[in-house]
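Before any comments, here is the structure.
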Amino acid sequence: MNPPPTAAEIGVIGGSGLYALLDNATEHEVDTPYGPPSDRITVAEVGGRRVAFLPRHGRDHRFPPHRIPYRANLWALRSLGVRQIIAPCAVGGLRPELGPGTFVVPDQLIDRTSGREQTFYDSGAVHVSFADPYCPVGRAAVLDSAERVSAVDGGTMVVVEGPRFSTRAESRWFTAIGGTIVNMTGHPEAVLARELALCYTAIALVTDLDAGVEGDHGVTQEEVFSVFAENTARLRDVLLDAVAKLPAERSCPCPDALAGIKLPFELP
Ligand code: ADE
């Protein structure tokens, strides 16, 4: 029997400048207890796997980073059957060697956001482990595919509230506390995925050097969008290769994120 057209195992959440990914896809409106996700979700088969694509900001970039319906996005993907997520995003480099066009597969994050809904569990005792925020198996698959773009293996993503870019002092401080790259959407997306026992792997494209790194120019929106646009084809290539490399059976710790915890409601 064919799977229903909405059925998907892998989700890709597209960042600024990546508003479509899949050819020959079907398109679906999905609703959730947290309202609708950022946009309609497109589903297609890629390399023998069912893949769902959701543009994080909406396809018309309607949602700024602090207004993205993160909970609805993660819930909607899980309700289609998605268990593994690859999450591309634009970032600023916090070190001079990480110039525009560099890909980084981070292994840590520092949350500097404020006021965002960052949990599904507003009642009961549900405390997930988040020491390692990204799926180790997902990272290995993405790194394998991202060899073609010489991606950097590992790095700490500082996530700021935005929508403004950072001051030079903030930026220098992020570097001093161990940050490698900086962006506005990596949190709470990663932790919400963990709270639904999903695998989550970020792949970051450096679009600029952040304000504290180099002399005299601050980051502009224009450079972020134009560098992202210049690199969309490379990113798409990596993503479509990586989805086919993700193992169908999950052997990582992510499916057990909620083991032994009494949940206040059933997951979709
Ligand atoms: N996204 C892309 N570049 C960024 C930067 N420098 N700071 C925060 N978010 C970003």
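We count ligands from 1, going down the list as the structure has it; atoms in each ligand are counted the same way. We use all heavy atoms of the structure for the numbers below, so side chains are in, but hydrogens, waters and symmetry mates are not.
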| Of all the atoms in ligand 1, which lie at a distance below 4.0 Å from a heavy atom belonging to Asp210? | 5 (C), 6 (N), 7 (N)

| field | Residue Asp208 vicinity, atoms of ligand 1 by number, heavy atom under 4.0 Å | value | 2 (C), 3 (N), 4 (C), 5 (C), 6 (N)

| Can you tell which part of Val182 has a heavy atom less than 4.0 Å from ligand 1: side chain, backbone, both or neither? | both

| query | Should the pair Asp241-Arg234 be classified as a salt bridge under the 4.0 Å nitrogen-to-oxygen rule? | reply | no

| request: Inspect the contact between Glu195 and Arg78 and indicate whether a charged nitrogen and a carboxylate oxygen are less than 4.0 angstrom apart. | output: no

| message | Among all the protein's non-hydrogen atoms, which is closest to atom 7 (N) of ligand 1, and how far away is it? | response | Phe165 CD2, 3.6 Å

| said: Among all the protein's non-hydrogen atoms, which is closest to atom 4 (C) of ligand 1, and how far away is it? | reply: Gly92 N, 3.4 Å

| query | If you measure from OG1 on Thr180 to CG on Leu109, what distance do you get to the nearest 0.5 Å? | reply | 11.0 Å

| query | Do Ile85 and Val12 belong to the same hydrophobic cluster, where Ile, Leu, Val, Met, Phe, Trp and Tyr are linked whenever their side-chain heavy atoms lie under 4.5 Å apart, directly or via other members? | reply | no

| Close approach, Ala90 and ligand 1, non-hydrogen under 4.0 angstrom | yes

| message | Quick check on the 6.0 Å ring-centre criterion: do Phe53 and Tyr19 meet it? | response | no

| said: Please report whether the ring centroid of Tyr34 lies less than 6.0 Å from that of Phe120. | reply: yes

| task | Tell me which one of Asn183, Thr207, Leu209, Leu205 gets a heavy atom nearest to atom 2 (C) of ligand 1. | result | Thr207

